[in-house]
Every structure is written in C-alpha cells, then in structure tokens.
Amino acid sequence: MAQEQSAGSGQGFAGDSGVSRIRGRVFEWLTLGATVFGLVMVTALLAYVFNDAIRPFSADPLWHLVYATTVVLPALVLLATYYTSDEPAGEVAIASTGIPIVGLVAGSGLVVLFIELLTPADWFGLVVGLVCAAAVVRLHQLTRPNAAVERLFVIVLAPLLAITGIPAMNIQRTFSSPLTTTEIVTIDAATPSLLPSVGDVLRPLLTAVPGWVLLVAAVTLPVATLFGRQVAARRGDGRGVREVVVGSVGLVAVGSLVAPLFGLAPQHWVLLATTAVLPTGVYLEGVVRRRTGVLGVAFPIVLGAGLVLGTALTNAFGLAGPSSWIGWDFLTSPTSITPEDAGIYPPLVGSVLMLVVIITLVFPIGVGAAIYLEEYAPKTGARGRLVELIEINIGNLAGVPSVVYGLLGLGLFVKGIGLDSGIVIVGGLTVGLLILPIVIISAQEAVRAVPDSLRRASYGMGATKWQTTRNVVLPRALPGILTGTILALGRAIGETAPLLMIGAAASVRLAPNGFFDKFSAMPRQIFAWSSEFDPDFRFGVLAAGVVTLLLVLLLMNGTAILIRNRYQRSD
Amino acid sequence: MSNEPAKLQLTGGEQRRVVRERLYRHLLLLCASVTVVVTGSIIFALAFDAVQFFEMVDPVDFFTGTTWITDRGQFGVLPLVTGTLLVTVVAGLVAIPVGVLAAIYLSEYASARARSVLKPALEILAGIPTVVYGYLALIYLTPFLRTLGIDLGTFNVLSASVMVGVMIIPMVSSLSEDAMSAVPASLREGGFTLGATKFQVSTGIVVPAAISGIFASFILALSRAIGETMVVVMAMGLRPRMFDLSAPLSSLQESGQTMTSAMVQAVTSDVGAASPTYKSMFALGLTLFAITFAMNYLSNWIAERYREEYN
C-alpha cells in the first residue's frame, strides 16, 4: 500500500491555501489508486494464469507476427474507425461477433447434452408431448371456459402425463425413527405401467428416421418460429414468421446434407446452426433493415478472413503455434494421472447438467416469488409486516455462506430424502437453493423497473391483475430478469464449497449420463488438481482448468451484458 | 389474452376471473414462501445433527476448548474461531480502507465515463469464483509475497486473508458508493458555498452523511469473509492453530484453519456418518450460520436505524 504512505507525506507539508490543493490532489489520486488496486492485482495474477495455460511464448515469433498482421492489426484499425467516426457500427461489430460465438458455445452445450443425456428421438417425443399437452389445455379452455380450478389440474397433469405417462413404479423403502433407528413401517409396492408417454408411443415409429430430421423438427422449427415472431413484430408485417421458418429450416436441412463433407455430424450441425447461425441471421436482418451501423458487420468478416488467412500462412510456412495446455484434447478427455493427457470433459458435462437442473428449478420459482413480492404482496397491515419479513429473509439468505448451503443439501437431500450423495440432481438442487435469493432479488429489480403507467393503462382497459402481470409486466421485465438470471447462473457454475459438502466426486472418468449419476463439476475438478504436487499439474493443467472456467463465465456475463444493452437501447 | 373482449361474457365471467386471480395469487405466494422454507430447513437440518453432536461432546468443552484434534476426540472450537477471526481482521484491513476510498472516488471524483468503466469492472471482481481466488493465492500470491522478503509457509494465513480481502473489496465499495450517491447534492453544495474544498466536502460531509450505509457494507463484507471457504481451504492449510498473542505476526506466516475449512475437512475425510467428527460439521455450520445471519441482520438494522433522512 504505497499509496497510503504517499498520502501521509502529502499531508506532511501542512501550510495554508496551497496545501489544501495538494492535499485534495493527493487524496484524489489515493482514491483512484484504491479503486484500481484490486483490479490491477487480480488482472496481473490472471495474466500469469493465462500465460501458464496458453504459453504464448512457446510459439514461433513469426507465428505471432503472422496473426498480428492478419487478425489483430485489421481488427484494431476497424475498431478505431468505429470508435472515432461511426459509434453504432461499433456496437453492431461487437454484437455480430459476439452472437455467433455465444451461440456456438451454447450449441456445444446442447451437443454435449445430446451425446450424454438423450437421443434426438427422446427430445422429439418430449416436444411432441408438450405440443399435445398444450392442445389439450387449449381444448379444455374452449370447452369449459369457466372451470379455472379444473384447468389448473389440466395444466399440471397434461404435460406430466404426456412426458412421463404412468410408468411402472416399484417402491421399496423402510421408514425408521431417526433417533433410535427402529423400523416403523416398510413399504414395498409395485404397480404395472399403466399409460405410456407420448415419447414411448412415438419411439418405435421413429427408428427409421435419421436423427437430424427429428432435431430439425424439434429444435430448429420451434426456435425459428420464436425468431420469426420477433422479426414479424419488428417489421410489423404478417409474412415474417413464414419467411424465417422456411428460410431457416431450409438452410439447416441443406446444411445437414453438406456437413458430413466437413467432418461434422449432421445432428451436431443442426444444433450448432440453430443456436449460432439463426440468431446471427435474425440480428443481421434487423441491422440491415434499420440501416444504422451496417459497416459494423465488416468486423466479424474481417476477423474470420484474417483467421483463415493466418492459419493458411502458418501452415504453409510450418510455423509452430504455442503448445498450449488448453486445446481440443483438454476439453474432450477425462482427467488422468499424466498431466499431458488430463482433460476436463466429464466435469464440463457435470456442470452443464447441473445448470439444466438449476434452470428448471430456480427460474420459475424465483420469477414467481419476485412477481408476488412486487405485484401482489400487501404493503400494509399485519400481512404487510409478514411480507417485509420475507423480504428481509431473502436478503439474509443471500448472505448465508455457500458452505452452509452445502450442509443444507447434505442434510435435506442426502440424509433427509435419501438421494445418493454426489449425484447431479443433489448438486443442482443445492446450488439452485443457493442462487435462489439472488435470482429473486434481481428479478424484483427488473419487475420494479417496469413503469407504473403501463400497469395503469392495462387496468384502465379492464385487465385483471394476472392479465396485466402476464401480458404487460412480464414481457417488459423479461430482459432484466434474463440478465439477472444469467449472472446468477454464472455464480452457480463457480460454486465449489457446496459441491464438496454434498460429496461431488473429485474426478470422474466417465461423464454423467443422467441426473442421478455421480458427477464432478469444473470448480470441483480444479480444486482436486490444486492438491497435485507435479508442477505440470500445478501450473499447467490447473491453469488450463481455471482459464476454461473463466472463459465460460466471461461468455455468460457477456451475454447478460448484450441482452441488457439491447434492452436499454430499445427503451 | 388479446381475444378476451371478443368472447366477453357478462354473466358468469366474473366468478371465473375471481377464482383464477385467487389461484395465481396463491401460486405466486407459494413461490415466495419457498424462501422461508429454505431458512427453516437450514436451521432444522443443521440443528438436527448439531444436537446429536452436543450429546456426544459437552457444549462447554466445545465452546471453550483450545485444541481441535478430531482424531483424538478433542473438539475445542476456539482455534477455529481465532483462525476465522484472524482471516476476517486481515481481510477487513485490506478491504475496508481500499473499498471506502474506491467508493469515494467513484461517487465524488470520477467522471461519468470513468465511473461507467470502473464500477462494472470492480463488480467483475466479485463474480470471479472463489476457487479461482484460492488458486491465485496458493500458486501465485504466496510465491510473490515470498519474493518481497516475507517468510511464508506453502500454506499460510497471510496470502489467504489478503486474497479474501481483495475479493470483498467490491462489496464494500459498491454498497458504500450507493450510500454516498444517495447523499443529496444540496448538502455538497452547502459545503462548497461555505468555502470547503472538494476534499473537505468528501470527507467531512459526504462520508459522515452516508456513514450508516458505509458501516452496513463493512458488516456485510466481513460476514462474507467469515463464511469464505475455498480460499482458506486451498491457501491456508488445514492445521488448526490457536492464535498466539505473544507472537501475533508469526501466526500470519504459518498455516491455520477456519471453521469453514474444518467443515470441508470433516466431509472430505473418510469418517462414518455417525462419528462425532462428521456431526461436528453441523455444529460448526450452525455456529457459522448464526454468526452470519446475525451480522446480516445487524447490517440491515444499522442501515435502517441510523440512516440520515433527507428531503
């Protein structure tokens, strides 16, 4: 803390008028120093980490020169141009580069899910089941419009039955008193399978259909419809939906025929194209139509062309790149006792599966709680006091140490419900509870930011509270809610202590294939590597793991910021 | 529901709406009450095993004992408490001055542009996973401090605590800055009118006016430091050590153990679920939960109770 000492000497020349100016200056610099102190320190330490993980200096100097001239220099020149002369183009440049990258990463997450967790037929069955359920609900709405309670049951049961059916159940459990461990009652019951799920009905019919066709139908089509609606709303015409759907399904389908020529499985192409190509296309359509910052589109093109050119040149001249610890092998292989073979694939899959559990658990509950607290909760009287207590309680829960949540997970899910320790669902539930207060607080802020005039207008037109909430408040607050949720998910992906407490494995050789499998997660694996004494582990593999985790976080936070910026601009 | 008016029913529709509205209200209330259930189940899950632990180990021995060697059945929590306090104090020594000064800069001195860059940048610090901070402390900070001539063990209290301090800077700075920004401009202008310099206004008017928020931020940040786990597990070692009053600095150079890392050690060691070591985890967890919950509540109370109301 050299700054503080210099402040002391600054105050040393106490005098009169000139002094206070010096004192003020010194103080200003001191405060600035304090602001950047943590930033500089962490940035410097992270620079070491990146250096150890990527080892840029192990590359041929000419390799650096080639990429500097083909990629870095043009990119910098373009950015400088945008910065000085065409600011909207700069935004477009960042978004049109960021969207495909984020899309590719999200798509890779999906690819991993389809490799480890489900088949295209499973997913197709799930989607068709949900569509059937929606149709049943709609039918109920038309035939019995007044039965609200009945409809709640239909809304809950129809999707459940469509997805799971009534499977055969085999319950065998002994309940014993917790203190004396004497048996109280033993339940041993088995029921036959009564009703197959929609997926089970469809599966035999689908064996002949190639996976990618199912994925086009069950992934590309719904996504394209969503984007199509957005485009149609933006343009204010009726053709948007059809154009986007036909265009994207056609593109993806044609691509799947071509993809094998480039060594990409058609199924994977469908997923990656749907998450990366479609959003980019929709974004670019908007840019071209608005005619602001169209020049920004040049940035990703120049970047991509530079990369291709650089790769071609380095290959042609045989220039060696850095022998980085991070690479395709690192991302796709399990850990190993030899540092050169160690990878992070199983924990990566574990983290992805855990995120799936967290999203399905936390998002609805968190948003529901936020809506209740902001829109419905009474503000006065005894019940108002109660609501105030709930709010204080949420604030306090956000401050409870993560290790205590780990104990909660251990006590509640492992010892209480009797799930196995260290399985995906326990990890997801535990970390989900941990981020629940954070999601609620950020969703509350987003809901609170919706201007009251909109609500009043909606009430003025005779809408009820729920109609107002659903049709006016929620759509308006959604970007803010998404931003907050993504940031909270970033927190979830880095949590380690709860995973230690619920017994997540240090390293697993095989990636988990379901929500009831043992798993490890990225931070858990990093912690396991940190107790290795081999310097190659300590400085190489460990650094690579940390960089992978940080890159995932960076992408998630970047996405959140992208969403927030778009939303703020449209206001 | 845009097609609502088209099939508007004048009779019967009202009843249906009331039922539906009530239904959704209760569903949403259910979501909100999940948080209360979580608090309740934390207390229950921890207390359940903690009670069993205190049947095996005398609470007096637990709270006053000065040795924590679980293998020999010695469960004196004081070494862990002093370890936790040591980390918290050192982290506070780093984070509090730096955080408050940063808050003053961001609220009083920074231009809008600098603020729009520095504020989110500081918040990024809070978003880095703790396991990464632990790794930075263990692999990079300790060797760096050694090159400065400080004699440190591989696992030591100093680098872990400094890292925890850096980690909680954003909590201090962002909450303090919120409190300082909420001080009305008229107060500052009044100060300037009386001939005060910017320095005098910042330290003599803004900081005292925002002091309740600033103190609340200290308590929150320190409660975070008390509950911090991964940094201390990775960089501070696992040897419980009573704080030595005769040589306070040497405690910083050696390894130590906090309550949180004792919990991690208990769960990662292969002890049976019925052993006192395993149960001790829950007693520690309950203590930790009580401390942090009380601190958060206190922080809330200070911010509310001593807030200077303007306008």
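Protein chains get the first letters and strands the later ones, always in sequence-line order, with residue 1 at the start of each. Quick caveat, the model's predicted, so the values are computed rather than measured.
For A/I394, the part sitting under 4.5 Å from any heavy atom of chain B is the side chain, from C-beta outward, and nothing else. Contacts between B/V162 and chain A at a heavy-atom distance below 4.5 Å involve the side chain alone, from C-beta outward. Within the 4.5 angstrom heavy-atom criterion, no atom of A/A506 approaches chain B. When heavy atoms are compared at a cutoff of 4.5 Å, B/V166 approaches chain A solely by way of its side chain, counted from C-beta outward. For B/I169, the part sitting under 4.5 Å from any heavy atom of chain A is the side chain, from C-beta outward, and nothing else. Only the side chain of A/M41 comes within contact range of chain B, with at least one heavy atom under 4.5 Å from a heavy atom of that chain. The contact between A/I365 and chain B is made by backbone and side chain atoms together, counting heavy-atom distances below 4.5 Å. Looking at B/V36, the atoms closer than 4.5 Å to chain A (heavy atoms on both sides) sit in the backbone and in the side chain alike. At a 4.5 Å heavy-atom cutoff, the contact between A/L45 and chain B is made by backbone and side-chain atoms alike.
Note on A/W529, A/W466, A/F527: by heavy-atom pairs under 4.5 Å with chain B, the leading option is A/W466. Top candidate by heavy-atom pairs under 4.5 Å with chain B, chosen from A/I561, A/I390, A/V404, A/T43, is A/V404.
Within 6.0 Å of OH in A/Y376 there are more than 12 heavy atoms belonging to other residues, nucleotides or ligands.
In this structure, A/K415 is positioned above the aromatic face of B/F282, its NZ or CZ under 6.0 Å from the six-membered ring centre and within 45° of the axis.
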**Asked** Is there a side-chain contact (heavy atoms from CB on, under 4.5 Å) between B/Y297 and A/I392 once you walk through the steps?
**Response** CA-CA 8 Å; B/Y297 196 81; A/I392 293 176; 4.1 Å; yes
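Ring geometry, A/F27 versus B/F199: the interplanar angle exceeds 60°, so the pair is classed perpendicular (tilted spans 30 to 60°).
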